[in-house]
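In what follows, chains carry the letters A, B, and so on, assigned in the order in which the sequence lines appear, proteins first and then strands, with residues in each chain numbered from 1.
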Amino acid sequence: MAGRGCGKRRYGETGFEAWGGYMEAKKSKLENQFDNMPDKNKEGIFKNISIFVNGLTEPPAAELKQLMHHNGGTYHHYYRSRGERATTHIIASNLPHAKLKQHQRKLVVRPEWITESLSAGRLLDYRQYLLLPPENPLLSCMGSASTSKAGGGAHAPSEVAEIGAGAEPDYDDDDEECESFPPDSSSDDDEVDQEGDPEPIADNDDECDDSAEATETAGPSTAAPSAASSAPAPPTDRSPVKRAGQPNFLQEFYQKSRLHHISEMKALFRDYVARLQDAPDDGYPERARLLAWSRQRDQSADQTSERDGDDEEDMEREPAGEDSLTTGDATVIAHVDMDCFFVSVGLRSRPELRGRPVAVTHSRGGAEPAVRPGEDRAAEADAYRARRSGKSAGEGGGGSGAGGKEPSWMAGGLHGSMAEIASCSYEARAAGVKNGMFMGAALKLCPDLQTIPYDFAAYREVALAMYDTVCGLTRRVQAVSCDELFADCSELLRQTDVSPLRLAEYIRHAVRRETGCPASVGLGPNILLARLATSRAKPDGQFHVPAGRAAEFMLDQRVRDLPGVGRTTAEQLHRLGADSCRQLQRLELAQLQRHLGPRTGRQLHEFCRGIDTRAVTPHAPRRSVSAEVNYGIRFGGAAEMASFVNELCAELQSRMTAAAFLADSVTVKVMVRAAGAPTETAKFMGHGVCDTLSRSGRLATPTDRLETLRREVAALLAALHVAPSEVRGLGLQAGRTLATAARGKPPAAASVTTAPPPPPQQPAQTSAVVYSAEEAARLVGGVDRPVERPSLPPVPTFCGTADLSCIRRLVVEWLGSGPHPEREDEAALAVYLSALVDARLLEPARGLLVLMGRRLTADGPPQWLEALQRLTDTVQRRVGVIHGGTLSLPPLPRPRANVTTATSAAAAVTAI
DNA sequence: ATCCTCCCCTAC
DNA sequence: TAAGGTAGGGGAGGAT
Ligand SMILES: Nc1ccn([C@H]2C[C@H](O)[C@@H](COP(=O)(O)OP(=O)(O)OP(=O)(O)O)O2)c(=O)n1
Ligand SMILES: [Mg+2]
Ligand SMILES: [Mg+2]
């Protein structure tokens, strides 16, 4: 029952003004209020100008609206492509490429046009404020073939048929993502784990001590760019702080960036393991030690009593006593992961800190950092939260709210040091500290927290020792990170007659012996279970989940702990009522796929049952090489930015050469300060809350030539049209399309795997029926796609626009507009859908129904599902009458009564 | 159906 | 102060 859509005929072009409930209320509230308002300025400078605001702008949409109305202009909440009252200009600060294509480029203007016109007291030439270049000649000057497909593409650059402003000004969303703060603490938002009783043996013979504390600004560099044409770099360095563009910025940054180091090491160990595959046989030297050690354990066990320290702390042991049985021909995967890796390495030379809460971080304790002018931590936190909540808006049918938890690093607001903690000891974790957390937040939780500096060289040596140790037992190893790997031990166990658990203990023993650092080991019949077992094993332990116990083991796992399920996915699943795997198992495959996509849905369906068919993969060919910096980026002008990009190109090129990598595509990524975000970031020289934009182009020939890269990158960057002063991050990525070795269904392409997909427990359910409906749907679409339409009926419009992406947005917002749909809205939508059917636009109609189905949850208010059911029925009836047959749709969640079943397989087409 | 681009998410 | 990188899976939506 929102506002009556009574008398307004003002947008009468459409004939669908019945759209009265939610949308109408919005219109009248937001727009019409000004009709009766002090806008006597019918003769203001914006006379005959009407704007639509797309995305976040500065000043914000609400303010622009005021400015327009008080100066004779009109503000449209939706883009109107035609009619007497068509929108004359689109106002935007950033437009994602995907949406750009749909706009008439000549109409997209920066908000400064409005503000500066007002300042000038007259209407300035909007062409001086175009967001996009008048033409797109930039692309054609690229020496590559990129333009052909990428840029303007197949369609005329002049006027693309449609226009679609993708959004409505209210909840931002429309503009691109950002995400700004740290990726999230590693452990994430779960809670504290157990505390550690860790620290076992103390026998450590530090090899690579780290007295080195005062790491000074190392000399030249580590992987210095290959000289070549070093950019002239006109150092405009005015600012005393170091930032991008300063002489040694890039090298210094990378030298101190932990994330850079762990990424680099990951690549290093991938390569290491890959090379090992072809190395001559070394006889697995570690195996002899394993056998000797195991024998010794047997003896000492005999003397004591039990066979092995099995049930001590391990639930890994199956009560059914099939312990050693598992050795048969079963697959056993081991997952090895160092305990609080960076901390453990640091503690080797700081025994006095053992048993205390310790963190590795750049922060040196000390006084609270002074507040910098322009910095506003609270505002930045708000901007971040606003951004994030905008993203999930419209989901869940207005019902199940419950915004997710905030990342742990925000704990207690943004106070104190913004230095991140790379790793913290288990004593610190007991207080709630997590990896990735800001020091300021951590100190609030744990005032006694001790800090130690990084020692990247030592991490590398320890990691290498760990890899060597495991690879001395088997080469069937997959590198996960510098402190973590998977090893397929099936063959090893078969050949050595050692129990899985004994092997795990030995691995831990050997790693400790070689490194002085504790590792934990998880064992399972597949990668998934091995990984989950490790979290049960930590710290400093081992845990085995045999195939026979997998089902029960999974039940109480949290979905958030499944690999691939992060904060966002966990929130989506929460909305579907699944926090545990037990609950997740109750969701139907089709429902998961509807909400999360076909592949993600399928994987979750399998993972929550303990099913994982991935094989340990020692070597997979690299598909991309990239270099990016999102810290310390503050450009004084275009020249500075260009110069830095050249530097980054050289860095990228150097990495490509080192990896013998030839690229056939290049992507430029830019982080731009989000409208509304403080200019000065909470974290010193950080990127703050940003929008991220990217643009990619193809290269004519696979190459690693610096000049080619530079030219392409410069063109792509120009095409992004970012103001240099607003840029907060820059990244370059080189990509290569691998020889298509039967892609499509099986996710993996050609890579060296270790074993055939281990069929875990549970009969591998065959899923033939899943896609049938969808496939059929496409058939319908094809049948109906008559490109040749003699005299087609007018393209239906809805809410004043014919632009489908705009309409999709409106519909999504509508779904989140309240506990139940307004009848007027539903009726208007029904009219529109019917018009689509009449116009033979079945795909768009079906698309809208699918979209709605995807956003609604079964547990939400049933009214929405019922409305969707009615809309679906309406469309189906009409399709049947007019075209014959039925649209094929994925099954809806049924609130109660089961009516939808008919849609399954058979009902598909029946087309005429 | 399949490809492509531009993201989004995840993990360390 | 602070050093917020990097690679890969995958989805949405459009083009073909
Ligand atoms: N947000 C993060 C997460 C991890 N790391 C680095 C430091 C860690 O020591 C190392 C390994 O990451 P893990 O996830 O394995 O975490 P830890 O080894 O520190 O602890 P755990 O015992 O949980 O494995 O990667 C980091 O710099 N920043
Ligand atoms: Mg670890
Ligand atoms: Mg790890």
Side-chain angles (χ1 to χ4, degrees), chain A residues 96-102 149-150 153-155 176-184 186 188 241-243 249 252-267 270 337 341 361-364 366-372 375 391 417-420 422-423 435-436 439 454 480-484 563-569 596-600 603 620 622-633 655 665 667 669 671 681 683-688 690 692-698 728-729 731 733 735 737 743-744 747 774-775 778-779 782 804-805 808 847 851 854:
Chain A
H97 178 57
K99 286 159 194 157
L100 283 184
K101 290 194 290 196
Q102 310 182 35
K149 255 188 180 164
H155 279 289
E176 256 17 74
E177 182 39 327
C178 65
E179 193 55 308
S180 17
F181 287 93
D184 196 338
S186 64
D188 74 57
V241 272
K242 66 182 165 344
R243 54 186 172 85
F249 173 78
E252 193 174 329
F253 170 72
Y254 278 136
Q255 176 201 319
K256 300 192 170 171
S257 164
R258 80 188 198 278
L259 292 174
H260 164 72
H261 281 283
I262 65 180
S263 295
E264 192 181 52
M265 290 171 73
K266 173 176 174 171
R270 285 230 162 135
D337 188 309
F341 184 47
T361 169
H362 281 304
S363 171
R364 291 291 66 148
E368 295 259 315
V371 176
R372 283 161 285 119
E375 160 193 12
K391 302 229 160 213
S417 166
M418 301 284 287
E420 279 174 49
S423 179
N435 290 358
M439 261 307 278
Y454 290 94
V480 175
S481 76
C482 63
D483 90 323
E484 186 176 347
V565 177
R567 194 156 64 114
T568 300
T569 309
L596 301 160
R599 303 182 73 96
T600 306
Q603 189 178 57
R622 245 223 253 212
R623 299 149 73 106
S624 68
V625 177
S626 68
E628 67 186 278
V629 179
N630 301 303
Y631 179 86
I633 303 294
R655 294 182 192 185
S665 77
T667 302
K669 188 189 78 147
M671 293 185 82
T681 53
K683 184 200 282 281
F684 175 70
M685 283 289 127
H687 57 57
C690 283
T692 297
L693 310 177
S694 77
R695 186 110 168 165
S696 63
R698 317 290 298 193
R728 294 291 179 270
Q733 180 181 68
T737 10
R743 208 161 341 128
E774 234 172 276
E775 286 163 358
R778 298 203 169 97
L779 283 180
L804 202 57
S805 55
R808 291 172 72 95
L851 174 70
R854 203 159 32 206

Would you check if [X] and [Y] make a side-chain contact, meaning some heavy-atom pair closer than 4.5 Å?
{"X": "A/Arg243", "Y": "A/Met685", "value": "yes"}
{"X": "A/Arg698", "Y": "A/Thr737", "value": "yes"}
{"X": "A/His362", "Y": "A/Tyr454", "value": "yes"}

With the side chain of [X] defined as its heavy atoms from C-beta on, choose the nearest nucleotide among [options].
{"X": "A/Arg808", "options": "C/dG13, B/dC6, B/dC12", "result": "C/dG13"}
{"X": "A/Met418", "options": "C/dG11, C/dG5, C/dA2", "result": "C/dA2"}
{"X": "A/Glu420", "options": "C/dG4, B/dC12, C/dG8", "result": "C/dG4"}
{"X": "A/Phe684", "options": "C/dG11, C/dT1, C/dG5", "result": "C/dT1"}
{"X": "A/Phe253", "options": "B/dC12, C/dA3, C/dG14", "result": "C/dA3"}
{"X": "A/Lys256", "options": "C/dG8, C/dA3, B/dC7", "result": "C/dA3"}
{"X": "A/Ser481", "options": "C/dG4, C/dG8, B/dC12", "result": "B/dC12"}

Contact class for [X] vs. all strands (heavy atom < 4.0 Å): base, sugar-phosphate, or nothing?
{"X": "A/Arg655", "answer": "sugar-phosphate"}
{"X": "A/Ser263", "answer": "base"}
{"X": "A/Thr569", "answer": "sugar-phosphate"}
{"X": "A/Tyr631", "answer": "base"}
{"X": "A/Gly686", "answer": "base"}
{"X": "A/Ala627", "answer": "sugar-phosphate"}
{"X": "A/Gln603", "answer": "nothing"}
{"X": "A/Ser417", "answer": "sugar-phosphate"}

Give a yes/no on whether any side-chain N or O of [X] is located under 4.0 angstrom from OP1 or OP2 of [N].
{"X": "A/Lys683", "N": "C/dT1", "answer": "no"}
{"X": "A/Thr568", "N": "B/dT10", "answer": "yes"}
{"X": "A/Arg623", "N": "C/dG9", "answer": "yes"}

Between A/Lys266 and A/Leu804, which residue's closest nucleotide on DNA chain C lies nearer the 5′ terminus? A/Lys266

DNA chain C: A/Leu851 or A/Ala419, which has the more 5' nearest nucleotide? A/Ala419

Going by ring centres under 5.5 Å and near-parallel planes (under 30°), is A/His362 stacked on C/dA3? no

Side chain to side chain contact (heavy atoms under 4.5 Å, CB included) between A/Arg258 and A/Glu420: does it pass, once the steps are laid out? CA-CA 10 Å; A/Arg258 80 188 198 278; A/Glu420 279 174 49; 2.9 Å; yes

